Amino acid sequence: MTSSLDERLTALLEHRDAKRMLMRYGLALDSHDWPLLRRCFTPDAVFDFGERRGVGEGIEAIVRTCHRALAGLDASQHLLGTCVVDLDGDAGTASTYVQAQHYLLTAKAGNTFTVGGRYVDRLARTDDGWRIAHRQLVTLWTEGNIGVFAEAEARLRERGEEEPAT
């Protein structure tokens with residue numbers, strides 16, 4: 001059975017919109033745009049950050065975890081690569097390669113910590129577009145000084161910036 005041109009065009013636009021939302025996630029993290037990050041997830045989303053950060057349940061827990069990990073760094077860069085999105089009605093899945101670099105100028109050890117892996121997502125169509133309902137970070141490798149995160153969090157506490165902007 002052949003789909004009509006309108007159905008195929010709608011499917012392409014839906015796919016594009018879902019993929020754009022996934023890419024905005026990296027931009028939100030690196031620019032510390034917490035309102036934009038909130039628009040990447042459903043309100044009741046779950047994020048399995050892995051052993052180091054655990055599971056965040058609900059958008060505010062996810063934003064708080066990302067803020068505490070990144071806002072005290074001098075820079076981060078989340079490079080999102082190969083991305084496969086499959087949509088079926090109001091639900092979908094995605095798998096996206098990620099290389100996340102974290103930088104903190106420090107005298108204690110190396111200045112960088114890099115994570116290579118992929119995000120495994122369940123997506124949901126909402127009234128506001130596609131959102132991540134469940135995300136799992138599958139870490140394939142790491143390199144560098146994991147201590148940059150503890151130093152960055154200490155910086156946040158010193159500045160009294162432990163909570164993200166709304």
Side-chain angles (χ1 to χ4, degrees), residues 15-50 52-85 92 94-106 110-124 126-166:
H15 185 270
R16 182 209 60 183
D17 291 348
K19 207 167 182 180
R20 287 176 73 180
M21 178 274 301
L22 294 169
M23 296 301 117
R24 276 195 292 273
Y25 166 83
L27 295 173
L29 290 181
D30 297 333
S31 64
H32 305 164
D33 187 339
W34 311 122
L36 178 59
L37 183 62
R38 285 179 181 91
R39 291 192 303 273
C40 293
F41 291 90
T42 61
D44 60 347
V46 174
F47 193 146
D48 182 349
F49 292 94
R52 177 153 167 30
R53 295 270 174 197
V55 174
E57 296 185 25
I59 187 60
E60 291 310 315
I62 294 168
V63 171
R64 197 169 31 259
T65 298
C66 292
H67 174 268
R68 287 184 181 153
L70 302 174
L73 295 171
D74 291 315
S76 67
Q77 188 175 48
H78 289 73
L79 303 173
L80 304 176
T82 302
C83 181
V84 177
V85 174
S95 180
T96 308
Y97 285 170
V98 58
Q99 187 176 61
Q101 300 181 36
H102 308 89
Y103 179 79
L104 179 73
L105 185 56
T106 177
N111 296 329
T112 61
F113 183 71
T114 305
V115 176
R118 66 188 172 102
Y119 294 120
V120 178
D121 299 319
R122 285 195 316 264
L123 308 177
T126 71
D127 291 340
D128 297 317
W130 288 98
R131 300 292 186 264
I132 301 165
H134 186 277
R135 170 163 275 188
Q136 178 186 13
L137 169 60
V138 177
T139 300
L140 301 174
W141 60 271
T142 63
E143 180 175 79
N145 175 16
I146 197 167
V148 298
F149 293 114
E151 288 187 59
E153 286 186 57
R155 240 191 216 183
L156 282 181
R157 284 190 299 276
E158 289 170 11
R159 296 190 309 218
E161 299 175 8
E162 295 180 74
E163 294 300 318
T166 54

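In this text the structure is predicted, and so the values were computed from the model without any measurement.
- Surrounding CZ of Arg118 are at most 12 heavy atoms belonging to other residues, nucleotides or ligands under 6.0 Å away.
- Here the side chains of His67 and Leu37 are not in contact, with every heavy-atom distance at 4.5 Å or above.
- Shown here for Val63 and Pro164, the closest heavy-atom pair between the two residues is CG1-CG, 3.7 Å.
- Considering all non-hydrogen atoms of both residues, Ala133 and Ala124 come closest at CB-CB, 4.3 Å.
- Between Asp33 and Arg39, no side-chain nitrogen of the basic residue sits less than 4.0 Å from a carboxylate oxygen of the acidic one, so the salt-bridge criterion is not met.
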- Step by step, work out the side chain to side chain contact (heavy atoms under 4.5 Å, CB included) result for Leu80 and Leu22. CA-CA 9 Å; Leu80 304 176; Leu22 294 169; 5.8 Å; no
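- When every heavy atom of Cys83 is checked against every heavy atom of Thr96, the shortest pair comes out as SG-OG1, 3.3 Å.
- Judged by distance alone, with hydrogens and angles left aside, the side-chain atoms of His134 form no donor-acceptor pair with the main-chain N or O of Val46 at under 3.5 Å.
- Aromatic ring orientation, Phe47 versus Tyr25: tilted (interplanar angle from 30° to 60°).
- Annotation for Ser76 and His102: closest pair CB-CD2, 4.2 Å, computed over non-hydrogen atoms.
- Here the straight-line distance linking atom CZ of Arg122 with atom CZ of Arg135 works out to 12.5 Å at 0.5 Å rounding.
- Counting heavy atoms from C-beta on, the side chains of Val148 and Thr112 never come closer than 4.5 Å.
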- Message: Between Tyr119 and Leu137, is the side chain to side chain contact (heavy atoms under 4.5 Å, CB included) condition met? List the steps.
- Response: CA-CA 5 Å; Tyr119 294 120; Leu137 169 60; 3.8 Å; yes
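- Around atom OH of Tyr103, more than 12 heavy atoms belonging to other residues, nucleotides or ligands sit under 6.0 Å away.
- Here Arg24 contributes atom CZ and Leu36 contributes atom CG; the two are 7.0 Å apart, rounded to the nearest 0.5 Å.
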- Carefully, step by step, assess Leu70 and His78 under the rule side chain to side chain contact (heavy atoms under 4.5 Å, CB included). CA-CA 11 Å; Leu70 302 174; His78 289 73; 4.0 Å; yes
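- When all heavy atoms of Asp121 and Gln136 are compared, the closest pair comes out as OD1-N, 4.4 Å.
- Here Trp34 contributes atom CH2 and Cys66 contributes atom SG; the two are 6.0 Å apart, rounded to the nearest 0.5 Å.
- Atom CZ in Phe149 sits 6.0 Å away from atom CG in Leu73 (nearest 0.5 Å).
- Note that CG of Leu104 and CZ of Arg155 are 4.5 Å apart. Values are rounded to the nearest 0.5 Å.
- No side-chain donor from either of Thr106 and Asn111 sits under 3.5 Å from a side-chain acceptor of the other.
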- Between Glu60 and Arg38, does a side chain to side chain contact (heavy atoms under 4.5 Å, CB included) hold up when you go through it step by step? CA-CA 8 Å; Glu60 291 310 315; Arg38 285 179 181 91; 2.9 Å; yes
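- Rounding to the nearest 0.5 angstrom, the gap separating the CG atom in Leu27 from the CD atom in Gln77 is 10.5 Å.
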Return all side-chain donor-acceptor pairs below 3.5 angstrom for residues 138-145, not counting sequence neighbours, or 'none' if the list is empty.
from: Asn145; atom 1: OD1; to: Gly147; atom 2: N; distance (Å): 2.8
from: Asn145; atom 1: ND2; to: Gly110; atom 2: O; distance (Å): 2.9

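- One N or O on the side chain of Asp74 and one on the backbone of Leu105 form a donor-acceptor pair closer than 3.5 Å.
- Considering all non-hydrogen atoms of both residues, Gly56 and Ile62 come closest at O-CG1, 3.9 Å.
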